[in-house]
*Asks:* 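Right, I'll just put the structure down here and ask away after.
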Amino acid sequence: MATRKVTLSLDTSALEFAERAAKADGISVSSWLSKAARREAVRTGYTPVCTRRGVPEGTEGTEVAAADEAEVAAAEAELRAQG
């Protein structure tokens with residue numbers, strides 16, 4: 001999966017929770033936050049839209065749609081596994 005470097009502002013306690021959770025999972029804070037963002041997006045009703053580079057918005061690129069569906073399915077599976 002491609003990554004993009006961004007600057008975010010988090011409240012102190014949220015960052016501390018993320019750091020502790022990432023350490024417990026044995027992953028980086030960036031990776032943990034990415035997973036948490038995907039889970040929250042799915043939980044709150046995110047539906048994939050084709051807006052990735054090279055795929056015009058509103059078109060259904062088969063590869064992009066399949067990648068988005070796989071990402072949503074993985075996030076849903078994680079949520080189910082957590083109960």
*Asks:* Does Ser31 use its side chain to pair, donor to acceptor, with the backbone of Ser28 at less than 3.5 Å?
*Replies:*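 Not a single qualifying donor-acceptor pair exists.
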
*Asks:* Could you state the interatomic distance from CG (Leu15) to CG (Leu8), rounded to the nearest 0.5 Å?
*Replies:* 10.5 Å

*Asks:* Identify whether Leu10 and Val29 are in the same connected component of the hydrophobic contact network (ILVMFWY, side-chain heavy atoms under 4.5 Å).
*Replies:* yes

*Asks:* Quick test of your reading of the model: are Glu16 and Arg20 salt-bridged, counting only N-O distances below 4.0 Å?
*Replies:*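 A salt bridge links Glu16 with Arg20.
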
*Asks:* Measure the spacing between CZ of Arg39 and OG1 of Thr44 and express it to the nearest 0.5 Å.
*Replies:*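 Rounded to the nearest 0.5 Å, the CZ-OG1 separation comes out at 12.5 Å.
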
*Asks:* Which distance, rounded to the nearest 0.5 Å, do you find between the CZ of Arg38 and the OH of Tyr46?
*Replies:*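 So the CZ of Arg38 and the OH of Tyr46 are separated by 11.0 Å.
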
*Asks:* What I'd like to find out is whether the side chain of Lys35 reaches to under 4.5 Å of the side chain of Ile27, using heavy atoms alone.
*Replies:* yes

*Asks:* Quick one: pull up CZ in Phe17 and CG in Asp11 and give me the separation to the nearest 0.5 Å.
*Replies:*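 Atom-to-atom, Phe17:CZ and Asp11:CG are 8.5 Å apart.
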
